[in-house]
2 protein chains.
Amino acid sequence: MGPRNPTISDVAERAGVSVPTVSRVLTGAARVSPQKRELVEAAIAELNFRPSSAARALVSRKSRTIAVIAGNTSRYGYAETIRGVEIAARAEGYTVMIIVVESADEDEVDRAVSVVLTQTLAGVVVLKFDPPGVAALKQIPAALPVVALSGTRETGVRQAVLDEAAAAEELTDYLLGLGHRTVHHVRVPPSRRVDGRTTGWKRALTTAGAPVPPVHDATWDPKSGIAIGRDLAADPSVTAVFCGNDEIAMGVMRGISEAGLRVPQDISVAGFDDHPLAELWSPPLTTVEQDFSGLGGRGFQLLLEGVDGTGDRRYSSERPRLILRDSTAPPSPVRG
Amino acid sequence: MGPRNPTISDVAERAGVSVPTVSRVLTGAARVSPQKRELVEAAIAELNFRPSSAARALVSRKSRTIAVIAGNTSRYGYAETIRGVEIAARAEGYTVMIIVVESADEDEVDRAVSVVLTQTLAGVVVLKFDPPGVAALKQIPAALPVVALSGTRETGVRQAVLDEAAAAEELTDYLLGLGHRTVHHVRVPPSRRVDGRTTGWKRALTTAGAPVPPVHDATWDPKSGIAIGRDLAADPSVTAVFCGNDEIAMGVMRGISEAGLRVPQDISVAGFDDHPLAELWSPPLTTVEQDFSGLGGRGFQLLLEGVDGTGDRRYSSERPRLILRDSTAPPSPVRG
DNA sequence: GTGAAAGCGCTAACAA
DNA sequence: TTGTTAGCGCTTTCAC
């Protein structure tokens, strides 16, 4: 096994003080004389002592660890959001635990919530982007500080939001303003019956008195956009398409070009998220910039305020920004 | 505050047994009579009791939490590797803590190692893809079970590897076999002085007796490939380019097309990683499939074997697979 | 198979 | 300002 880690009593002994005095130096909970403080600090450095967070959590019922509950960790929006949470947490001396909930199944959600209950946590950030996130959020005990992160304000919990509906509406308006009779929509898997992107799209069409065509459903796999793109290209009334994210838009564009049509000359295609590759795509993608890492950061701040009672905000919203590039243009005179 | 969480003594009282008996049911450490077991299980369910992992960690000096130390969490290879670790860990009932080390600065690495020492961990997985990862790995105390994940076998620690050098060599050989006189290389930020991709590329050229042109250095930002692509296009002797990852390859291809040349007719471009969008790109990218999530999973398994003494493997390697698509072709007769 | 007793490493409450 | 005492919630001896 080797020599065990030094404990607080090793430090106390070496510094010639009592254990609580070492604790006071560690936590800053009470004043300690400069002389003793120095002795303690020297002992800590010599022994390379690190306080056990398990012991601390046990006795103080507090911890500097938060959990992020997410349905996924590696897709762009998720990964960036988690990164934003982690950066903000790290800046405040907090550590992040990842809890993945792959489905909204009761067993799966229970398991995740069990982990949360087992751990001593300062709080929980839930990525409410999908059904697993929504289901997990519901099961978190009310006693635990929680912040939900999502694209639409929905529940009573503290939450940070990217106002997707407003951005989707703006993007759809822009396409209509270009002269398109209507805008078709390819939806990514929604978190509930509706999602903000679809809502904003529909609102823009309705407001403008434009027809609302049936929604096309894609999976998270960008390739699922290819067949949809081909279908869209086969319908001569289609001149503009708004896709639920950039990756699907890329798939759709590939399908359109496989069908022999060009973007944007024959069909305009817009995405959502401003994926790092959106600008590099040919043609560069018109899209909506979502500050996911900012969302994560705001979410963590909101959580902290909830934990220490600072601030009374329960809600933080931000409007994603339209990014106009070359994948959208006025409609072709021959189509439509 | 509300009512505090139920403890093991609440369960014991309710079930009419002693605390250690509840503990035995929880851990399975010793046999308990069926009757008592049933009583205990009923009490646990009624109270919705979850054992405190802090208390467990404190007394048993064990835990079911591992830490993943990484220089980044959201770039494709990192995110997928972490996802692989998490999936494998979850399957075995382990929870994952994320520790990000943004630079190899002493302070930054110290902070990360401090977190590791503070926590009671079953073990640590280090993503040794970059200098922060390399630096962090060095500082981890020997007493803690550790597995390193990387693209090149290097140190004495337990490690899971994707043999990048072998794959890069195979890819370069393929390009030479197509008739290219040599292959140029755009390198992504390496983990040390050398990285496997560059090593394999150089080995293939040397073995074939082909000239070894100077390496072009890109950043992690795909856009950094654009200027490099333009430069490469300006040099008429360039007919084939091997890029350190797919995103850089996409940037390079954009630079080449901005210079008025075509891929693969004028210049062949190959990437590395098989990014989800590589297949959708125009033209679809020739690349090397890296099973990052598999790497993460193998890494976790190796760690577990180290923790419980099962298995004596200290090393797990896998050869990434060449994916031939349309961005590579024989050299143009007019260039080169 | 079961319970009583001890104690993990730390912080909180109280006295001095 | 400092030390003494108690105890967080659990597992681990050790008797029985």
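Lettering of chains follows the sequences in order, A, B, ..., and the numbering in each one begins at 1.
A donor-acceptor contact under 3.5 Å links the side chain of A:R24 to the base of D:dG3.
OP1 or OP2 of D:dT12 has not a single side-chain nitrogen or oxygen of B:R61 nearer than 4.0 Å. At C:dG3, one or more side-chain N or O atoms of B:T21 fall inside 4.0 Å of OP1 or OP2 (strictly under the cut-off). Within the 4.0 Å cut-off from OP1 or OP2 of C:dG9, not a single side-chain nitrogen or oxygen of A:T7 is found. Between B:S52 and D:dG9 there is no side-chain polar atom (N or O) within less than 4.0 angstrom of OP1 or OP2. Proximity of B:R56 to the phosphate of D:dC10: no side-chain N or O atom is located under 4.0 Å from OP1 or OP2.
We find that CD1 of B:I8 is positioned 17 Å from P of C:dA5, with the value rounded to whole Å.
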Exercise. Given B:E80 and A:S74, is the side-chain hydrogen bond (donor to acceptor under 3.5 Å, both in side chains) satisfied, shown in steps?
Worked result: CA-CA 6 Å; B:E80 276 292 300; A:S74 77; 2.7 Å; yes

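Both tests hold for A:R153 against A:Y315: distance to the six-membered ring centre under 6.0 Å, angle to the ring axis within 45°.
The nucleotide whose nearest atom lies closest to any side-chain atom of A:V59 is, among C:dC10, C:dA5, D:dT1, C:dC10. Comparing D:dT2, D:dT4, C:dC10 against the side chain of A:K36 picks out D:dT2 as the nearest.
Heavy-atom contacts from other residues, nucleotides or ligands closer than 6.0 Å to CD of A:E41 number more than 12.
A distance-only check finds no donor-acceptor pair linking the side chain of A:R90 to the backbone of A:T95 [under 3.5 Å].
As judged by a 4.0 angstrom heavy-atom cut-off over every strand, A:V22 is placed among residues making no nucleic acid contact. Heavy atoms of A:P51 sit under 4.0 angstrom from primed sugar atoms or phosphate atoms, though from no base atom.
Between B:R50 and A:S114, the side chains place a donor N or O and an acceptor N or O closer than 3.5 Å (distance only, hydrogens not considered).
The only option from A:D130, A:T73, A:N72 that meets the side chain to side chain donor-acceptor pair (under 3.5 Å) definition with A:Y78 turns out to be A:D130.
In terms of position along DNA chain C, the nucleotide closest to B:V32 lies nearer the 5' end than the nucleotide closest to the other residue of the pair B:V32 and A:P6. Judged by closest nucleotide on DNA chain D, A:S18 is the one of B:S9 and A:S18 placed further toward the 5' end.
The C1' atoms of five pairs define one axis at each end of the helix from C:dG1-D:dC16 to C:dA16-D:dT1, and these two axes lie 30° apart (to 10°).
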